[in-house]
**Q** 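This is the structure I have questions about; it appears just below.
Quick caveat: nothing in here was measured; it's all calculated off a predicted structure. What's counted below: heavy atoms across the whole structure, side chains too, no hydrogens, waters or symmetry copies. Lettering follows sequence order; numbering is per chain, from 1.
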Amino acid sequence: MNEFIDRIKAALAAATGADPVTLKIEAPRDPSLGDFAFPCFPLAKTLRKAPPAIAAELAQNLGAIPDVSVEATGPYLNFRVDRGALAASVVGAIQAQGDAYGGSDEGRGKTVVIDLSSPNIAKPMHVGHLRSTIIGAAVQRLFDRLGYTTVGINHIGDWGSQFGKLVAAIDRWGADVDLENEPIRALLALYVRFHEEVKNDPELEEAGKAAFRELESGEDGHVRATWKRLTELSLREFDKIYARLGVTFDHVRGEAYYEPYLDATVERIVAAGITEVSEGALIVDLSGVEKNMAPCLLRKTDGTTLYATRDLAALFMRQDEFEFDRCLYVVGGEQRLHFRQLKGVLARMGLDWQERVTHVDFGLLRLPEGKLSTREGKVVFLDELLDKARNEAERIIAEKNPELANAETIAEQVGVGAVVFHDLKKERVKDVVFDWNEVLSFEGETGPYVQYTHARLASILRKARAKGFDTEGEVDWSLLADAAELLLRLGRFPGIVASAAEHAEPSEVTVYVLELCREMNSWYVKNKVLTDDVALSTARLTLVAAAQTVIASGLSILGVAAPAEM
RNA sequence: GCGCCCGUAGCUCAGCUGGAUAGAGCGCUUGCCUCCGGAGCAAGAGGUCACAGGUUCGAAUCCUGUCGGGCGCACCA
C-alpha cells in the first residue's frame with residue numbers, strides 16, 4: 001500500500017519543492033473524505049497564502065498520480081486510491097507474503113537481547129509475573145518479524161540471602177512437606193515458617209546466614225546441593241506454565257550464572273576510576289549523572305555483592321557475548337531507578353553503548369485490596385487463573401458449540417488466549433487492578449472475540465472449498481470497492497508491526513487487531529461472501545482469506561492461538 | 001522532603017508523536033437468527049479530555065505550575 005503514499009509524496013514534492021520525507025500524510029478524519037490527507041498549513045508561511053487557497057491551487061497543479069485522485073477540502077488535500085488498485089495492492093501483498101506479511105528485513109544482521117519473565121526461585125508465579133513474561137515474549141516476536149536476531153533471556157532470581165534461609169528451613173522441616181510433588185507450595189510454606197519461627201529462635205537466623213555464606217563461598221557441599229535441588233524443582237514447575245503460555249527462552253540463566261564474573265566486574269568499574277568507599281560500602285556516585293540520583297552500591301560493608309552488581313556483571317557479559325544493538329529489560333516500573341542507575345554507571349565509565357540499553361517498563365498489577373503479597377496471601381496464582389479461564393471457555397463451548405471436536409484443546413487456547421490478550425490490551429506503563437470479571441470476560445474487546453472472528457472467517461473459507469470455489473485464478477479487484485476501509489486497515493499492518501516494535505508496545509498490535517475484527521464483522525454481516533455471482537464471491541473470498549491471515553498473524557505476535565473452530 | 005509514572009464517557013481503555021465534528025468496549029435503553037457461526041451486528045443516551053496558565057495558524061497531544069492516584073529514594077531483590 002505504501003506505493004500510493006510514496007507517489008503522493010513524490011507529486012507533492014515536485015509541486016512544492018519540499019523534501020518528500022518532511023511531508024506528513026495522514027488519515028482523514030472521516031473516511032468518506034478520502035484515503036489519505038495532506039494538511040496544507042505548514043506551507044502557509046513559506047508560500048504566504050491561506051491554507052485553503054494552497055490546497056485548491058495544489059489540487060489543480062499536482063501532476064497526475066497513477067491510480068490516485070485528488071480533491072481539495074478546505075485546507076486539506078484529500079487523496080483517494082482507485083478501489084481496484086487498492087485491493088490488488090493490499091490483497092496481492094498478503095497473498096504473496098502469507099504469514100510473513102507485516103514483517104520486514106530492517107533488522108537483518110542486528111541483535112536484540114531481551115530480558116524477560118525473571119521469576120524468583122522458590123516462589124509461586126502469580127499474576128504479577130505474567131506481565132513481564134507476556135509483554136517480553138510479544139516484544140521478542142515483534143523483533144523477530146522485523147528480521148532481528150533475538151535472544152530471549154529468562155533471568156531467574158536464584159541468588160541472595162533468602163536461599164540460605166530456605167536451605168536452613170529444608171534442613172529442619174523438609175520432611176514435613178511434599179517437596180517432590182508440590183515443590184512451590186512446599187517451599188513457600190517453609191519460607192513462611194522460617195519467618196515465623198526466626199522471631200523466637202536466633203539460632204535459626206544464624207543457620208540461614210551460615211548457609212548463604214557457604215553458598216557464596218562456592219563450596220560444593222550439602223548447602224549447594226540443596227540449593228540446586230530447589231532450583232530444579234522450581235524450574236520444573238515454571239516450565240508447566242511457560243508451556244501453557246507458549247513461551248520459550250533462548251537462555252535460562254539465574255543470577256548465580258554470573259557469579260564467577262562478579263569480581264572481574266567490580267574490578268573493571270574500579271579501574272575506570274569512578275568508585276569510592278562511602279560508609280564502608282563500595283559505591284559509584286551518580287549525583288553528577290542525574291540530579292539527586294542515589295549512588296549505585298557495588299559491595300556491602302562485608303564485601304558481598306548486591307543486585308546491582310550482579311545486573312552489571314550480566315550486562316557486561318551480554319554485551320561481550322552478543323554484541324547487541326539493543327538490550328531490552330522487560331521489568332516492572334518500580335525498578336526504574338535501578339535501571340537508570342545501571343545506565344548511569346556505564347555512562348560514567350564512558351561506555352556509549354549504554355544508550356542501547358532500554359528499560360521496557362510496565363505498570364504495577366494490584367489486587368482490589370492492595371498490592372500483591374505472597375506472604376500475606378494476597379495473590380492470584382497463575383496456574384489457578386489459567387485453569388479458571390479454561391473452565392469458563394469449556395462452559396461456553398458446551399453451551400454454544402457442544403459438537404466441537406477437540407473441545408478440551410480449544411478451551412485451553414481460548415481461556416489462555418483471553419488472559420494473555422487482556423494483559424496486552426492496554427499501554428504497558430499503565431497500572432492494572434486485577435479484576436476476575438474483566439479477565440474472564442469473553443465478549444466485546446477480548447481475545448475470544450478476535451478468535452471468534454478468526455474462526456468464522458475460517459469457517460467461510462472451509463465452506464467455499466467445499467463448494468468448489470477457486471481463488472487461484474483472475475480476480476476482479478474492483479468488486480471489493482465496498483471494502484475500502486477494510487483494505488486500508490489491512491494495508492496498515494506492516495506499519496503497526498514496525499511501530500509496536502520500535503516502542504516495545506504490544507498493545508499497538510492488540511488495538512489494531514480489535515479494530516480490524518470490528519470492521520471485518522461489520523462488513524461480512526452486510527456482504528454475503530458465498531453467492532451465485534462467482535466473480536463477486538471469488539473477490540470477496542480473497543479478502544476474507546487476507547483478513548484471516550492478518551488476524552492470525554497479529555494473534556501469533558501476541559502469543560494467542562488462532563483456532564479455526566471454537 | 002526529592003525523583004519518576006499515570007489522570008480522556010458511570011467503569012475499562014483507544015486517540016496514528018501538533019491537525020478537520022474527541023472514538024471503542026463494558027454497563028444501561030432499543031432493534032436484528034426460514035439467510036456464510038448471535039462469543040456477533042445495528043441504533044440511542046452518556047464528555048468543561050483533572051485544573052490553571054503558556055507556546056502555536058491550530059493543543060487531549062508540547063512547556064510551566066497546582067491537585068489527585070501509583071511507584072521509588074544506601075548496604076533486600
Side-chain angles (χ1 to χ4, degrees), chain A residues 24 26-30 33 37 39-42 44-45 50-51 73-76 78 118 120 157 159-162 255 278-283 290-302 304-308 310-311 332-338 340 361 363-364 366 371 393 396-397 399-401 414 418 425-427 429-433 435 437-438 441-453 455-464 467 492 495-496 499 503 507-508 510-512 514-515 517-518 521-522 524-531 537 540 544 565-566:
Chain A
K24 197 187 166 195
E26 52 194 47
R29 179 99 244 124
D30 179 353
L33 291 167
C40 295
F41 306 99
K45 233 172 213 168
T73 311
Y76 290 87
N78 289 318
S118 311
N120 290 320
W159 207 247
S161 44
Q162 74 271 30
E255 288 184 83
S278 168
E279 296 170 34
L282 185 69
I283 70 159
E290 253 181 72
K291 203 179 149 196
N292 296 334
M293 183 143 79
C296 179
L297 270 75
L298 298 177
R299 279 196 199 280
K300 302 183 216 171
T301 310
D302 68 4
T304 56
T305 60
L306 293 104
Y307 178 50
R310 297 192 277 273
D311 249 10
E334 64 272 17
Q335 295 196 36
R336 285 187 185 109
L337 176 61
H338 167 72
R340 279 191 287 140
D361 57 349
L364 193 78
R366 283 176 301 137
K371 212 170 168 177
I396 294 174
I397 288 169
E399 179 188 310
K400 294 180 188 283
N401 196 358
V414 173
K425 201 166 98 183
K426 45 177 135 177
E427 219 184 338
V429 295
K430 300 215 163 140
D431 287 350
V432 182
V433 177
D435 180 346
N437 290 333
E438 217 179 273
S441 159
F442 291 3
E443 287 171 16
E445 295 176 331
T446 66
Y449 167 75
V450 174
Q451 291 174 317
Y452 178 73
T453 306
R456 285 193 64 177
L457 298 183
S459 169
I460 293 173
L461 293 170
R462 272 195 305 275
K463 288 200 163 63
K467 288 187 176 183
R492 266 180 226 129
I496 295 291
S499 170
H503 302 139
S507 71
E508 291 184 23
T510 318
V511 168
Y512 169 84
L514 281 169
E515 285 170 344
C517 285
R518 181 149 34 85
N521 278 317
S522 180
Y524 76 58
V525 295
K526 281 186 299 216
N527 302 285
K528 196 162 159 53
V529 176
L530 304 175
T531 67
S537 298
R540 287 181 172 175
V544 168
E565 283 181 87
M566 62 187 272

**Q** Is Ala294(A) touching bases, backbone alone, or none of the nucleic acid, heavy atoms closer than 4.0 Å?
**A**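 If one applies the 4.0 Å heavy-atom cut-off, Ala294(A) turns out to touch the sugar-phosphate alone, with no base involved.
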
**Q** Strictly by modelled atom types, are Tyr524(A) and Asn527(A) linked by a side-chain donor-acceptor pair under 3.5 Å?
**A**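 Per modelled atom types, Tyr524(A) and Asn527(A) side chains form no pair under 3.5 Å.
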
**Q** Does Thr453(A) reach the main-chain N or O of Tyr449(A) with its side chain, forming a donor-acceptor pair under 3.5 Å?
**A**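 Yes; judged by distance alone, with no hydrogens or angles, the pair exists.
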
**Q** Side chain of Val511(A) only, heavy atoms from C-beta on: which candidate in A14(B), G70(B), A24(B) is closest?
**A**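 Looking only at side-chain atoms, Val511(A) lies closest to A14(B).
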
**Q** On a whole-Å scale, what distance lies between the C1' atoms belonging to A20(B) and G27(B)?
**A**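 Per the computed distance, 32 Å lies between those C1' atoms.
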
**Q** The side chain of Ala455(A) is closest to which nucleotide in this list: U12(B), G37(B), C4(B)?
**A**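 Of the candidates, G37(B) comes closest.
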
**Q** With heavy atoms under 4.0 Å as the rule, sort Leu514(A) into base, sugar-phosphate or nothing.
**A**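 Touches nothing.
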
**Q** Can a side chain N or O of Tyr452(A) be found less than 4.0 Å away from OP1 or OP2 on A39(B)?
**A**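 Checking Tyr452(A) against A39(B): at least one side-chain N or O falls below 4.0 Å of OP1 or OP2.
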
**Q** Could you work out the separation of G1(B) and U55(B) based on their P atoms and round it to a whole Å?
**A**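 So the two P atoms sit 31 Å from each other.
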
**Q** Quick one: salt bridge (Lys or Arg N to Asp or Glu O under 4.0 Å) partners of Lys400(A), sequence neighbours excluded?
**A**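 Counting only residues at least two positions away or on another chain, Lys400(A) forms no salt bridge (Lys or Arg N to Asp or Glu O under 4.0 Å).
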
**Q** Quick one: which of U12(B), C36(B), G7(B) gets closest to the side chain of Glu438(A)?
**A**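 Minimum distance to the Glu438(A) side chain belongs to U12(B).
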
**Q** Does Arg366(A) put a side-chain nitrogen or oxygen below 4.0 Å from OP1 or OP2 of G70(B)?
**A**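 Negative; the distance criterion is not met.
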
**Q** Determine whether the side chains of Gln335(A) and Tyr307(A) contain a donor N or O and an acceptor N or O closer than 3.5 Å.
**A**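 Looking only at side-chain atoms, Tyr307(A) and Gln335(A) do form a donor-acceptor pair, the distance falling under 3.5 Å.
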
**Q** What do the steps show when you test Lys24(A) against Glu26(A) for salt bridge (Lys or Arg N to Asp or Glu O under 4.0 Å), and what is the final call?
**A** CA-CA 6 Å; Lys24(A) 197 187 166 195; Glu26(A) 52 194 47; 3.7 Å; yes

**Q** Check whether the side chains of Ser499(A) and Glu508(A) place a donor and an acceptor atom closer than 3.5 Å, and report yes or no.
**A**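 Short answer, yes.
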
**Q** Give one of base, sugar-phosphate or nothing for Glu255(A), where a contact means two heavy atoms less than 4.0 Å apart.
**A**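 The answer is sugar-phosphate, as Glu255(A) gets under 4.0 Å only of primed atoms, P, OP1 or OP2.
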
**Q** Under 4.0 Å, heavy atoms only, any strand: does Val525(A) hit a base, just the sugar-phosphate, or nothing?
**A**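 Here Val525(A) touches the backbone only, sparing every base.
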
**Q** Determine whether a donor-acceptor pair (N or O, by modelled atom type, separation under 3.5 Å) exists between the side chain of Asn401(A) and the backbone of Met566(A).
**A**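 At least one qualifying donor-acceptor pair exists.
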
**Q** Hey, which of these two, Asn527(A) or Leu33(A), hits RNA chain B nearer its 5' end, going by closest nucleotide?
**A**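 Looking at the nearest nucleotide for each, Leu33(A) comes out on the 5' side.
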
**Q** Would you mind classifying the nucleic acid contact of Ala464(A) as base, sugar-phosphate or nothing, using non-hydrogen atoms under 4.0 angstrom?
**A**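 Touches nothing.
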
**Q** Under 4.0 Å between any heavy atoms, over every strand shown, what does Leu337(A) touch: base, sugar-phosphate, or nothing? Just pick one.
**A**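 Sugar-phosphate contact only.
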
**Q** Using atom types as modelled and distance alone, determine if a side-chain donor or acceptor of Ser537(A) lies under 3.5 Å from a backbone N or O of Thr531(A).
**A**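 Such a contact is found between Ser537(A) side chain and Thr531(A) backbone.
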
**Q** Looking across every strand, which nucleic acid part, if any, lies under 4.0 Å from Leu282(A) by heavy atom: base, sugar-phosphate, or nothing?
**A**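 Result for Leu282(A) = nothing.
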
**Q** What dot-bracket string describes RNA chain B from 5' to 3', counting Watson-Crick and G-U wobble pairs whose defining distances are under 3.5 Å, with [ ] for crossing pairs and | for pairs to another strand?
**A** (((((((..((((.....[...)))).(((((.......))))).....(((((..]....))))))))))))....

**Q** Scan Asn401(A) against the nucleic acid and name what it touches under 4.0 Å (heavy atoms): base, sugar-phosphate only, or nothing.
**A**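 Base contact - Asn401(A) has a heavy atom under 4.0 Å of at least one base atom.
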
**Q** Reckon Met293(A) touches a base, only the sugar-phosphate, or nothing at all at heavy-atom distances under 4.0 Å?
**A**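 Touches nothing.
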
**Q** Can you tell me how far CD of Glu334(A) sits from NZ of Lys371(A), rounded to the nearest 0.5 angstrom?
**A**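 Rounded to the nearest 0.5 Å, the NZ-CD separation comes to 7.0 Å.
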
**Q** Respond yes when some side-chain nitrogen or oxygen of Tyr449(A) is under 4.0 Å from OP1 or OP2 of C41(B), and no when none is.
**A**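 Answer is yes, contact under 4.0 Å.
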
**Q** What's the closest nucleotide to the Glu445(A) side chain, out of G25(B), A77(B), A74(B)?
**A**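 Nucleotide nearest to Glu445(A)'s side chain: G25(B).
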
**Q** Can you tell me which nucleotide in C36(B), A39(B), A20(B) comes closest to the side chain of Leu530(A)?
**A**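 Selected nucleotide (nearest to the side chain): C36(B).
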
**Q** Given A77(B), G18(B), G70(B), identify the nucleotide with an atom nearest to the side chain of Lys24(A).
**A**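 Between A77(B), G18(B), G70(B), the one nearest the side chain of Lys24(A) would be G18(B).
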
**Q** Indicate the atoms forming the closest heavy-atom contact of Leu297(A) with Ala308(A), along with that distance.
**A**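 Result for this residue pair: O-CB, 4.0 Å.
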
**Q** Do any side-chain nitrogens or oxygens of Arg456(A) fall under 4.0 Å of OP1 or OP2 in G38(B)?
**A**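 Looking at the OP1 and OP2 atoms of G38(B), one of them is under 4.0 Å from a side-chain N or O of Arg456(A).
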
**Q** Starting the side chain at C-beta, find the nucleotide from C36(B), A24(B), C6(B) nearest to Val429(A).
**A**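 So the side chain of Val429(A) is nearest to C6(B).
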
**Q** For nucleotides C71(B) and G18(B), find the distance between their P atoms and express it as a whole number of Å.
**A**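 After rounding to an integer number of Å, I get 31 Å for this pair.
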
**Q** Glycosidic conformation of U29(B), syn or anti, with 90° from 0 as the boundary?
**A**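 Base orientation: anti.
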
**Q** Is the distance from OP1 or OP2 of C41(B) to the nearest side-chain N or O of Asn521(A) less than 4.0 Å?
**A**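 So the side chain of Asn521(A) is within the cut-off, an N or O lying under 4.0 Å from OP1 or OP2 of C41(B).
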
**Q** Is C33(B) in the syn range, within 90° of 0, or in the anti range?
**A**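 Syn conformation for C33(B).
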
**Q** So, is Lys528(A) near the phosphate of C36(B), with a side-chain N or O under 4.0 Å from OP1 or OP2?
**A**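 No, Lys528(A) has no side-chain N/O under 4.0 Å of OP1/OP2 on C36(B).
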
**Q** Taking only the C1' atom of each, what is the distance from G23(B) to G46(B) in whole angstrom?
**A**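 Rounded to whole Å, the distance is 13 Å.
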
**Q** Could you give the distance separating G68(B) and C32(B) at their C1' atoms, to the nearest angstrom?
**A**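 The answer is 44 Å between these two C1' atoms.
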
**Q** Who are the salt bridge (Lys or Arg N to Asp or Glu O under 4.0 Å) partners of Glu279(A), not counting sequence neighbours?
**A**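 With sequence neighbours excluded, Glu279(A) shows a salt bridge (Lys or Arg N to Asp or Glu O under 4.0 Å) to no residue whatsoever.
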
**Q** Check this for me: does the side-chain of Ser278(A) come within 3.5 Å of the base of A74(B) through a donor and an acceptor?
**A**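 Donor-acceptor pair under 3.5 Å: yes.
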
**Q** Just N and O in the side chain of Ser522(A): are any of them under 4.0 Å from OP1 or OP2 of C41(B)?
**A**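 Checking Ser522(A) against C41(B): no side-chain N or O falls below 4.0 Å of OP1 or OP2.
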
**Q** Pro28(A) near the nucleic acid: base, sugar-phosphate alone, or nothing, with a heavy-atom cut-off under 4.0 Å?
**A**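 Contact class for Pro28(A): base.
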
**Q** Taking the C1' atom in each of C49(B) and C6(B), what is the distance between them to the nearest angstrom?
**A**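 Straight-line distance between the two C1' atoms is 15 Å.
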
**Q** Give a yes/no answer on whether the side chain of Lys526(A) brings an N or O atom under 4.0 Å of OP1 or OP2 in A42(B).
**A**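 So the side chain of Lys526(A) is outside the cut-off, no N or O lying under 4.0 Å from OP1 or OP2 of A42(B).
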
**Q** May I ask you to say what Ala37(A) touches in the nucleic acid, namely base, sugar-phosphate or nothing, with a heavy-atom cut-off under 4.0 Å?
**A**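 Base, at least one base heavy atom under 4.0 Å.
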
**Q** On the side chain of Asn78(A), is there an atom forming a donor-acceptor pair with the base of A20(B) - under 3.5 Å, no angle test?
**A**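 Answer is yes: a donor-acceptor pair is held.
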
**Q** Measure from NZ on Lys291(A) to P on G72(B) and round the result to the nearest Å.
**A**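 Interatomic distance, NZ of Lys291(A) to P of G72(B): 23 Å.
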
**Q** When all nucleic acid strands are considered with a 4.0 Å heavy-atom cut-off, which category describes Gln451(A): base, sugar-phosphate, or nothing?
**A**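 Answer is nothing: Gln451(A) stays at 4.0 Å or more from every strand.
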
**Q** Find which nucleotide of RNA chain B each of Glu334(A) and Lys45(A) is nearest to by heavy atoms, and output the residue with the more 5' nucleotide.
**A**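 It is Lys45(A) whose nearest nucleotide is closer to the 5' end.
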
**Q** Roughly how many Å apart are C51(B) and A59(B), using the P atom of each and rounding to a whole number?
**A**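 That atom pair is separated by 15 Å.
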
**Q** Name the nucleic acid region contacted by Thr301(A), choosing base, sugar-phosphate or nothing; use a 4.0 angstrom heavy-atom cut-off, strictly under.
**A**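 Base contact.
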
**Q** As a test of reading the structure: which of A20(B), C4(B), A74(B) is closest to the side chain of Glu279(A), going by heavy atoms?
**A**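 Within the option list, the nearest is A74(B).
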
**Q** Please state the C1' separation for the pair C5(B) and A9(B) - nearest whole angstrom.
**A**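 Their C1' atoms lie roughly 24 Å apart.
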
**Q** From C-beta outward on Lys371(A), which listed nucleotide comes closest to its side chain: A77(B), G37(B), C71(B)?
**A**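 In terms of side-chain proximity for Lys371(A), the closest of A77(B), G37(B), C71(B) is C71(B).
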
**Q** Classify Arg492(A) by what it touches in the nucleic acid, base, sugar-phosphate, or nothing, heavy-atom distance under 4.0 Å.
**A**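 No contact.
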
**Q** Among A77(B), G38(B), C4(B), which nucleotide has an atom closest to any side-chain atom of Asn120(A)?
**A**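 Minimum distance to the Asn120(A) side chain belongs to A77(B).
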
**Q** Would the distance check show the side chain of Lys425(A) and the main-chain N or O of Glu445(A) forming a donor-acceptor pair, the cut-off being under 3.5 Å?
**A**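 Such a contact is found between Lys425(A) side chain and Glu445(A) backbone.
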
